Every structure is written in C-alpha cells, then in structure tokens.
Amino acid sequence: MRKIILSAGAFASLAAAPPPPSPIEAVTQRHARPDAPGCAVATRSGESVEQAAFGQAELEHPIANTPLTIFEAGSVAKQFTAGAALLLVADGKLKLDDDIRRYVPELPDYGSPIQVTHLLSHTSGLRDWGAVARLGGWERGERAHTNGDALRIIARQRALNYPPGTEYSYTNSGYTLLAVLVERVSGKSLASFTHDRIFAPLGMANTSWRDDFRRVVPGRATAYAQRKEGGWEEARPFEDAHGNGGLLTTVDDLLRWNEAVDAGRLGTGFAMALETRAMLNDGTRIPYAAGVRVASFRGYPSVSHSGSTGGYRAWLERFPAERLSIAVLCNGASLDAAAIGRELAGAMLPDAPPAQMVDPPSLEGNWVSVATGRSLQLRPAPAGERSVIHDGDRLVIAGADGREEFVRVPAAAAAALEPFVGRYASEEAEAAYDVTVDSAGLRIALVARPWLTTRLAPSYADAFEGGDMIARFDRDAAGRVTTMRIGIPRVRDIAFRRVAQ
C-alpha cells in the first residue's frame with residue numbers, strides 16, 4: 001500500500017481534534033517552507049509505503065516538489081555503481097582481486113596493485129580527482145568535467161595517499177574508475193548497463209544518470225544554495241562525470257532498490273556482496289562495504305549512505321531486520337537529508353537500548369599527524385564512534401574514516417618565513433603557486449588565478465596550515481627549501497617543486 005501526503009494538514013478534521021501526525025507528516029510539518037527549496041521523503045515499513053514532499057522544486061515559476069520529483073542523489077549513487085560491478089563479478093567477467101590496470105592501463109604502476117575491491121571500499125589510496133582539480137583552481141562544478149577528464153587527472157598522479165589496502169580514505173576517484181571499468185568490461189556505458197540490469201528490471205522508471213548535464217529531464221528539481229546577500233542561487237552540478245555521483249532518481253525508485261536488494265531480486269549473494277564490510281591488509285574491518293556504510297542506529301543494524309552535490313542533499317537507509325527503508329531527497333544546500341532520515345528512523349523504530357560506547361580518554365595537547373602533517377588540538381577528547389590508543393606521546397585515532405597516527409608536539413613558534421618564498425609547480429595538479437610574505441605572515445596564491453589565496457600559519461617546523469590546507473616544505477642537504485607538499489581533504493602530500501621565476 002502506497003500512501004502519498006501532499007499537504008501536512010490534509011487529513012485534519014474541523015469537527016474534532018486531529019489524530020497525532022504520522023512520522024512522515026510530522027517531518028513535513030516541521031521542515032516545510034512554502035517559499036524555499038524542500039525535500040521528498042518516503043518510508044517503507046513492511047508492505048506499507050508512505051511518501052510526502054514539501055518546498056519548491058522550481059523557485060522562479062514556482063513549482064512544488066512532489067514524491068515523484070526527480071533529484072540528484074549525490075554519493076547515494078555509489079551503491080548503484082558498486083552494484084553494476086558486482087553484477088559483472090557474478091557474471092564471471094570481473095574478479096574483486098583483479099588489478100585494475102588490467103582494464104585501465106593508463107594508470108601508473110604504483111608498486112602495489114590496486115584491486116577492484118579497493119575501489120569499492122575507498123581503500124585504494126587514490127587521490128580524489130576533484131580535490132586535485134581544486135588545487136588547479138577549479139572547484140567541482142566550475143568546469144564541465146567528463147569521466148575522461150577525471151581519468152586523465154587520476155592518471156597524472158605519480159603517487160598514492162597510502163599503499164592500497166592499508167587505510168580507508170573516501171575518494172571519488174575509485175567510483176569514477178569503476179564507471180570506466182564497467183564500460184570496458186561490459187561493452188556498454190554505465191548508463192546503459194544499469195538501465196538494462198537494474199533500473200528497468202526493478203521498475204525504477206524515473207532513474208537515470210546525469211552523463212550529459214545539458215539533457216532536459218522532465219520533472220527534475222533545480223538545486224539551490226542561499227546567497228550571502230540574501231535570496232537564492234542555482235547550484236546544480238555543471239559536469240558530466242558520474243559513477244561517483246550523478247544519479248537522477250526519486251524517493252519511490254530508491255525504495256524499490258532497497259526492497260529488491262533485501263528480497264534478493266538481483267541474484268543470490270548480491271546483498272551480502274554489497275554489504276560485506278571491507279577488510280584492511282592488517283585484518284581490520286571498516287564500516288564501509290561496497291558503496292554503502294554498514295553500521296547501526298539505536299542498536300539496530302543499518303545500511304546507509306548520504307549524498308551531497310551542488311545544492312542537492314540525499315539520504316538512503318534501510319534496516320533489513322525490521323524491513324524498514326527511508327529515502328530523503330532535497331534540493332536545498334541548507335537542508336540536512338541525513339538528519340531528516342534519522343528523525344524518521346527514530347520515530348519509526350521500536351525502542352531499543354543504545355549501542356554501548358566507551359568514552360575515549362582525555363588527551364589535551366597539541367598533536368601532529370605522522371602521515372600528513374595535519375595538526376590536532378584535543379580540547380577535550382575526540383568524541384563519537386572513535387577509538388583512541390595512546391602511550392603518552394603517541395596517539396592513534398581509529399573511526400569510520402580510517403586510522404590516523406599523531407605524535408605530541410610543543411606549541412609551534414613563529415618560523416623565519418623568507419626561506420619559503422618562491423614559486424612552486426606541480427605536473428600532477430597542472431598548477432603553480434606563489435608563496436609570499438607580508439605583514440600578516442605567509443600567503444599562498446594560485447599563479448593562474450591569483451585571487452585564490454590562502455593564509456598559512458606556522459604549525460610546526462617547516463609546516464603551515466590555513467583553511468583545510470596543509471603545506472609542508474622539504475629542504476636539501478644545505479638547508480635550502482626545494483619542495484612544497486600540499487595536503488587537502490582527500491589528497492595527501494602532492495609535490496610542488498620550486499621553480500625559477
């Protein structure tokens with residue numbers, strides 16, 4: 001039974017007090033703003049399906065969101081790309097332990113093979129191609145990148161963030177490569193393969209890929225972000241790269257996918273392959289499986305993933321044992337689809353004891369990452385689902401995003417800055433930066449777009465931080481600065497060599 005709710009008060013009686021709202025009605029009432037972007041939400045509990053929508057799909061005309069409005073699902077798409085690869089494994093055309101250079105020979109030989117399973121679980125060590133493009137001055141969405149463009153960026157990288165299988169680090173590069181791999185192994189584009197093997201068989205009639213951003217998609221919501229000066233601006237992805245994201249879909253279609261996975265409609269063992277948590281080389285199990293996170297909420301095992309691209313926000317979660325699925329798709333950057341989804345889950349799940357957590361110890365002080373140079377101040381101890389191992393001057397934090405080792409350092413003193421001044425260039429990023437000094441300290445500016453600048457503050461010897469950037473400088477035997485190594489989220493230690501100006 002499918003129940004659609006378009007108006008929060010549609011079932012209220014004027015003659016008597018209305019019954020308490022259902023969880024989905026309560027969410028609609030709490031979050032709806034008639035003059036703003038909104039969301040479509042859907043739940044499936046057993047055989048009962050409810051759907052609702054609020055806010056505007058199009059602000060200029062305006063047009064309201066409905067449960068059949070098409071949104072872009074961000075990284076929720078990854079489980080569909082993973083599903084395509086797993087179907088090829090079931091077909092006998094692909095193996096999880098295959099070296100991906102067998103199918104993508106453009107990639108350098110990094111010494112240790114990157115396997116298909118590493119792409120599925122974000123344990124490849126590959127730098128995120130979008131983050132590398134950002135170092136060249138192009139934020140995601142400012143250039144119409146294709147999968148071919150992304151592949152060329154990935155293939156330019158002469159080093160990995162870490163050896164394959166040793167850590168977990170979320171990277172879109174793995175899933176862009178999976179889209180390329182599906183095409184080369186199957187002989188069909190990812191869009192055609194998933195249509196034939198997933199979307200059409202499951203009745204997902206409103207699902208496709210944004211592999212041509214210029215294509216008109218009837219019923220698609222425009223994505224928005226709020227302007228600093230007030231009002232709204234469009235924030236729809238301006239690129240064709242997909243596989244890592246780019247899924248156009250509805251909440252109803254997402255529920256159909258969840259139902260099909262639980263019911264085994266995609267083949268014996270498909271759900272297990274999708275949901276088996278990856279194992280690092282040292283035997284550690286991580287929460288990430290194949291395009292989904294396998295964890296728990298309020299003590300109930302869950303399979304979920306969030307999505308964020310442009311102004312679109314998404315959340316898809318299912319609780320297999322309870323036969324409960326929740327899908328949330330939004331078209332406003334300020335909306336928190338995951339929080340709305342968890343709000344619904346909290347209202348719909350029976351009361352259960354919370355998962356047992358052990359509070360980490362308090363470790364106040366200054367720490368620096370052994371791998372990346374990232375500094376960390378613990379005031380107070382780290383919180384959340386993370387474990388902490390320490391022996392006084394050494395600290396390891398392990399959690400959903402992997403493990404990172406830190407060593408304790410004294411508070412950094414201001415360094416002499418002149419030795420760092422100069423121009424630094426990288427073939428891997430296809431970019432150059434000028435490092436200068438002024439009265440405020442060290443400044444780094446992109447040569448091609450000099451208005452893109454970052455202030456860098458001393459962190460420890462020959463290392464600086466600013467925003468989400470870390471810059472570490474190497475010296476030669478004579479003490480001269482020769483190289484700047486930059487780290488940003490999803491990219492570690494990319495080398496910029498000092499060049500003559």
Side-chain angles (χ1 to χ4, degrees), residues 126-159 161 171-173 176 213 223 225-229 233-241 244-245 308-311 333 372-374 417-418 420-459 463-474 481-501:
L126 288 165
R127 293 165 175 163
D128 184 273
W129 67 263
V132 175
R134 174 187 161 196
L135 286 175
W138 297 100
E139 293 282 357
R140 286 284 298 277
E142 291 185 349
R143 271 186 170 176
H145 288 106
T146 66
N147 279 1
D149 295 326
L151 175 57
R152 284 186 284 275
I153 294 172
I154 297 167
R156 282 205 311 267
Q157 307 310 302
R158 296 293 175 258
N161 284 338
T171 173
N172 285 308
S173 293
T176 303
F213 72 89
Q226 289 183 298
R227 300 175 68 90
K228 292 181 181 178
E229 62 272 22
E233 63 184 15
E234 292 188 8
R236 206 159 74 185
F238 174 65
E239 64 183 25
D240 291 339
N244 56 294
S308 174
T309 183
T372 66
R374 179 171 72 91
L417 302 180
E418 284 298 330
F420 306 108
V421 171
R423 177 165 293 181
Y424 301 80
S426 168
E427 292 182 359
E428 293 174 291
E430 286 191 335
Y433 281 92
D434 282 334
V435 177
T436 58
V437 175
D438 58 23
S439 59
L442 208 62
R443 186 179 74 163
I444 180 173
L446 188 65
V447 172
R449 306 176 81 186
W451 57 91
L452 297 178
T453 65
T454 300
R455 289 288 181 186
L456 297 175
S459 177
F464 301 81
E465 287 186 85
D468 61 359
M469 177 183 287
I470 302 162
R472 295 188 293 161
F473 294 86
D474 294 342
V481 173
T482 59
T483 305
M484 175 175 64
R485 299 184 181 276
I486 290 181
I488 59 175
R490 304 182 185 178
V491 171
R492 299 183 190 174
D493 208 32
I494 191 165
F496 287 74
R497 309 296 180 186
R498 193 167 200 163
V499 297
Q501 292 180 251

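If you're wondering where the values come from, they're calculated on a predicted model, not measured in any experiment.
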Contact check, side chains of V435 and F464, non-hydrogen atoms, under 4.5 Å: no
Nearest-0.5 Å distance that lies between atom NE2 in H145 and atom CD1 in I153: 4.0 Å
Between P450 and A445, the two heavy atoms sitting closest are O-CB, 3.9 Å
Minimum side-chain heavy-atom gap L126-I154 below 4.5 Å: yes
Kindly assign one of parallel, tilted or perpendicular to the pair F420 and F473, based on the angle between their ring planes and the thresholds 30° and 60°. tilted
Could you check whether any side-chain heavy atom of R490 comes within less than 4.5 Å of a side-chain heavy atom of V132, counting everything from C-beta outward? no
Step-by-step side-chain contact (heavy atoms from CB on, under 4.5 Å) determination, Q157 to V491: CA-CA 11 Å; Q157 307 310 302; V491 171; over 6 Å; no
Heavy atoms of F496 and A431 approach each other most closely as CE2-O, 3.7 Å
Testing the basics here: between G310 and P237, what is the closest heavy-atom pair and its distance to 0.1 Å? N-CG, 4.5 Å
Give the C-alpha distance, both sets of side-chain angles, the deciding distance and a yes or no for side-chain contact (heavy atoms from CB on, under 4.5 Å) between D493 and N161. CA-CA 7 Å; D493 208 32; N161 284 338; over 6 Å; no
What I want to find out is whether R156 reaches E428 closely enough, with some N-O distance under 4.0 Å, to be called a salt bridge. no
Do V499 and Y424 come within less than 4.5 Å of each other through their side chains, counting heavy atoms only? no
Trace of the side chain to side chain donor-acceptor pair (under 3.5 Å) decision for T176 with N244: CA-CA 5 Å; T176 303; N244 56 294; 3.1 Å; yes
Quick one: pull up CZ in R455 and CE in M469 and give me the separation to the nearest 0.5 Å. 13.5 Å
Within the distance-only criterion (no hydrogens, no angle test), does the side chain of R492 pair as donor or acceptor with the backbone N or O of P489 below 3.5 angstrom? no
Within the structure provided, determine whether R236 and F213 are in side-chain contact (heavy-atom separation under 4.5 Å). no
Go through T146 and E239 one step at a time and tell me if the side-chain contact (heavy atoms from CB on, under 4.5 Å) criterion holds. CA-CA 6 Å; T146 66; E239 64 183 25; over 6 Å; no
Considering all heavy atoms, the nearest A432-L446 contact: O-CD1, 3.5 Å
Does the R498 side chain pair with the main chain of V481, one donor and one acceptor, at a distance under 3.5 Å? yes
Nearest 0.5 Å, what's the CD-CG distance between E430 and L135? 12.0 Å
Answer yes or no: is there a side-chain heavy-atom contact under 4.5 Å between R423 and V447? yes
Quick check: do M484 and I444 have side-chain heavy atoms less than 4.5 Å from each other? yes
Just verifying a value: how many Å separate R152 CZ and N147 CG, rounded to the nearest 0.5 Å? 10.5 Å
Any side-chain donor paired with an acceptor under 3.5 Å for R497 and T483? yes
Side-chain heavy atoms of R127 within contact of T171, under 4.5 Å: no
Taking all heavy atoms of A429 and all of S426, pick out the closest pair and write down the distance. N-OG, 3.1 Å
Specify the closest pair of heavy atoms between G466 and L456, including all atoms of both residues, with the distance to one decimal. N-CD2, 3.7 Å
Are more than 12 heavy atoms from other residues, nucleotides or ligands located less than 6.0 Å from atom CD of E427? no
